[in-house]
Amino acid sequence: QVQLVESGGGSVQAGGSLRLSCAASGYTYSNYCMAWFRQAPGKEREGVAHIGGGSPYYADSVKGRFTISRDNAKNTLYLHMDNLKPEDSAMYYCAADTRRWIYCSREDYNYWGRGTQVTVSS
């Protein structure tokens with residue numbers, strides 16, 4: 001059982017930066033896929049980025065602006081977001097998939113956090 005707790009959301013003006021954190025606990029191993037998703041009101045959930053044993057994945061909408069990373073010693077996943085745009089406003093969720101490591105899924109994760117809100121004003 002993995003518990004995930006996100007933090008770091010907030011309100012920022014367009015062009016600004018934020019760093020989201022996701023503290024993971026309850027699982028002995030660190031070799032599993034982790035991801036960030038987001039969902040804006042009235043829109044479908046979108047996979048933003050994921051990281052595992054292979055190369056990180058980024059959605060086209062955030063490529064070049066967002067960076068996903070993890071600190072296994074701290075059991076923490078990060079999402080550094082630069083040059084934020086109003087369309088980045090959403091609830092951001094951390095997710096973990098303890099069944100995969102080398103090849104991460106873009107959608108199928110078995111543990112989820114409760115989310116942290118990001119609001120970008122123009």
Do Lys85 and Asp88 sit within salt-bridge range, that is, some charged N less than 4.0 Å from a carboxylate O?
no

How about Met34 and Ile68: do any of their side-chain heavy atoms sit closer than 4.5 Å?
no

Would the Tyr109 and Phe37 ring centres measure less than 6.0 Å apart?
yes

Cluster question for you: counting only ILVMFWY and a side-chain heavy-atom cut-off of under 4.5 Å, with indirect links fine, are Trp36 and Tyr78 together?
no

Output for pair (Thr76 OG1, Arg70 CZ), nearest 0.5 Å, gives 10.5 Å

According to a hydrophobic-cluster definition based on side-chain heavy atoms being under 4.5 Å apart (Ile, Leu, Val, Met, Phe, Trp, Tyr only), do Tyr57 and Met81 belong together?
no

Between Glu6 and the options Tyr92, Trp112, Tyr93, the side-chain contact (heavy atoms from CB on, under 4.5 Å) test singles out Tyr93

All heavy atoms of Tyr32 vs all of Ala96, minimum pair found to be CE1-CB, 3.7 Å

How about Arg100 and Cys33: do any of their side-chain heavy atoms sit closer than 4.5 Å?
yes

Exactly one of Thr67, Val48, Ile51 should register a side-chain contact (heavy atoms from CB on, under 4.5 Å) with Tyr58. Which one does?
Thr67

When you group the ILVMFWY residues by side-chain heavy-atom contacts below 4.5 Å and let the links chain together, are Tyr111 and Leu77 in the same group?
yes

Leu84 vs Phe66 side-chain heavy atoms within contact, under 4.5 Å
yes

Treating Ile, Leu, Val, Met, Phe, Trp and Tyr as nodes and any side-chain heavy-atom pair under 4.5 angstrom as an edge, say whether Tyr27 and Leu4 lie in one connected cluster.
yes

Which heavy atom of Ala90 sits nearest a heavy atom of Ala40, and at what distance?
CB-N, 3.8 Å

Strictly by modelled atom types, are Ser61 and Glu46 linked by a side-chain donor-acceptor pair under 3.5 Å?
yes

